Amino acid sequence: MNDTVAMVSFSIAAKEHRKNNATILHCSLPLSYIATKSCRMEALLRADLDYVANVGTVQCAFAVVAAMAGIGLDVYIVTSSGRLSILFAPKNLLLNTMVFSGCGVLAAHAYFTFLVDGSMARMLTAFFAAIMEISYIWYCYLRSLGIFQNMSSPKVLFVLEYTLWTETALCLGPFISMLFKSTFAFNLTVAISGALLFALDTFFFVTFTMYVFRKTIQTIEVKGMEKLTLRMFQIIARYGLACSLSCLVVVVSFITSMYLLDFKPDARSEDIPVYYAFIILMDAGLLGMGFALMTMKAKLTNLNRSTV
């Protein structure tokens, strides 16, 4: 009789344990967002320790590589100019902010993957992602303003600048919403800021593509300072194009991983490698954005040195 009671008690406890494990973990979007409901997919992710270890290690490696590249670029810029103060020029300051906040995003992604502290990881990711996105859009705008003025009308530039200021405010929305625990404000700012970021990056991508194809012949035909200016714009357009393409990869990977984590019904263990593949692709896209802009800066610095 006692054995029967014990077996029944154990069965009830086991069912309750499985139920708790399936519902107590809260979903988290991988870039800068937290979810507002429970999700079976995250329980599956935590169950596969091999994937957790491998993906977390890759994310840590991405963060370290990005940080080392950023430091190396700063050393090259200071050495080339002979002035430490050059790092505090607006464009260089924005670029450094983007690169090192991007390192923070990658590190926070690894922190979330290992789930040392899920809530803290989500908060850190949201903070660093907001800073990275703001510095990214303003660096692209300031660095490429000459191209935008060449390719767009004053009305388009006015709308572009207005959109940049709006996006700057909205990028902080998810992080602030998390602080105040406002689900409505969180969802609203995520949707609007995501749409605006996609629109801005599409504009950058199209403008850079048009400029690259339109100005190639002119670069060969002109001489002197005008040719130097066109060469600078060519560098900006080509690497800006690569950065925009990487950003689009990040957006698509984020949407796909978000669907698998939060919205896909009947999550299965077969979805785990697909989810992690898109997470790695997203982080690789973040790394690609940083490398494209850092390479652009190095090329422009080298071009300026060769003309002195």
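Since this is a predicted model, take the numbers as computed values, not measurements. Throughout, residue positions are numbered sequentially from 1 according to the sequence presented.
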Handout entry: Transitive ILVMFWY side-chain link F205 to Y141, under 4.5 Å
Key = yes
Problem - Connected via hydrophobic side-chain network under 4.5 Å: V206 and F198 - result: yes
Less than 3.5 Å apart, which donor and acceptor atoms pair up between the side chains of residues 101-108 and the rest of the protein, not counting sequence neighbours?
| unit_1 | atom_1 | unit_2 | atom_2 | d |
| --- | --- | --- | --- | --- |
| S101 | OG | T97 | O | 2.5 |
| S101 | OG | M98 | O | 3.1 |
| S101 | OG | M132 | N | 3.4 |

Practice task
Flag yes if I147 and V159 sit in one hydrophobic cluster, no otherwise; membership is Ile, Leu, Val, Met, Phe, Trp, Tyr, and two members link when side-chain heavy atoms are under 4.5 Å apart.
Solution key: no
Fill in the blank from the handout: Sorted by chain and residue number, the side-chain contact (heavy atoms from CB on, under 4.5 Å) partners of A292 (sequence neighbours excluded) come out as A242, C243
Practice task
Using side chain to side chain donor-acceptor pair (under 3.5 Å) as the criterion, list what pairs up with Y136, not counting sequence neighbours.
Solution key: D201
Exercise for the section: Side-chain contact test, heavy atoms from C-beta onward, threshold under 4.5 Å: evaluate it for L94 versus I134 and give yes or no. Expected result: no
Practice task
Give, for atom CG of L172 and atom CZ of F127, the distance between the pair rounded to the nearest 0.5 Å.
Solution key: 9.0 Å
Problem - In one Ile/Leu/Val/Met/Phe/Trp/Tyr side-chain cluster, 4.5 Å: F278, I280 - result: yes
Practice task
Find out whether L300 and R143 are in side-chain contact, i.e. whether some heavy atom of one side chain is under 4.5 Å from a heavy atom of the other.
Solution key: yes
Problem - Co-membership, hydrophobic cluster, residues L248 and Y139, 4.5 Å side-chain - result: yes
Handout entry: N92 and F88, any side-chain heavy atoms less than 4.5 Å apart
Key = no
Show which side-chain atoms of residues 58-80 pair as donor or acceptor with protein atoms under 3.5 Å away, not counting sequence neighbours.
| unit_1 | atom_1 | unit_2 | atom_2 | d |
| --- | --- | --- | --- | --- |
| Q59 | OE1 | A110 | N | 3.4 |
| Q59 | OE1 | T113 | OG1 | 2.7 |
| Q59 | NE2 | D283 | OD2 | 2.9 |
| D74 | OD1 | N96 | ND2 | 3.1 |
| T79 | OG1 | V75 | O | 2.6 |
| S80 | OG | Y76 | O | 2.8 |
| S80 | OG | R305 | NH1 | 3.4 |

Exercise for the section: Hey, could you give me the CG/NZ distance between N302 and K297, rounded to the nearest 0.5 Å? Expected result: 12.0 Å
Handout entry: Inter-residue atom distance E161.CD - L145.CG, 0.5 Å rounding
Key = 8.5 Å
Practice task
Mind checking the OG1-CG spacing from T163 to L197? Nearest 0.5 Å is all I need.
Solution key: 12.0 Å
Problem - Which atom of G240 lies closest to which atom of M296, heavy atoms considered - result: N-CE, 3.5 Å
Exercise for the section: Grab the two heavy atoms, one from F233 and one from G146, that are nearest each other, plus how far apart they are. Expected result: CZ-CA, 3.8 Å
Problem - Distance, nearest 0.5 Å, that separates OG1 of T125 from CZ of F112 - result: 8.0 Å
Handout entry: Residues which pass side-chain contact (heavy atoms from CB on, under 4.5 Å) with A185, listed by chain and number, not counting sequence neighbours
Key = S177, S182
Handout entry: Shared-cluster residues of L170, by chain and number - hydrophobic side chains joined below 4.5 Å
Key = F184, L188, I192, L196
Problem - side-chain contact (heavy atoms from CB on, under 4.5 Å) involving S85 - partner list, sequence neighbours excluded - result: R83
Problem - Side chains of V55 and H109 in contact at under 4.5 Å (non-hydrogen atoms) - result: no
Practice task
Applying side-chain contact (heavy atoms from CB on, under 4.5 Å), name anything that partners T295, two or more places apart in sequence or on another chain.
Solution key: Y239, K299
Completion exercise
Rounded to the nearest 0.5 Å, the CD1 atom of I236 sits from the CZ atom of R238 at a distance of 12.0 Å
Problem - Flag side-chain contact, heavy atom, 4.5 Å: M232 against L303 - result: yes
Practice task
Enumerate the residue pairs fulfilling ring pair (Phe, Tyr, Trp, His ring centres under 6.0 Å) with a member in residues 146-174, sequence neighbours excluded, ordered by first and then second residue.
Solution key: W138-W165, F148-F203, F148-F204, F148-F208
Handout entry: Over all atoms of both residues, closest heavy-atom pair of I86 and S81
Key = CG2-OG, 3.4 Å
Practice task
Please name the pair of heavy atoms, one in G285 and one in V250, separated by the smallest distance, quoted to 0.1 Å.
Solution key: C-CG2, 3.4 Å
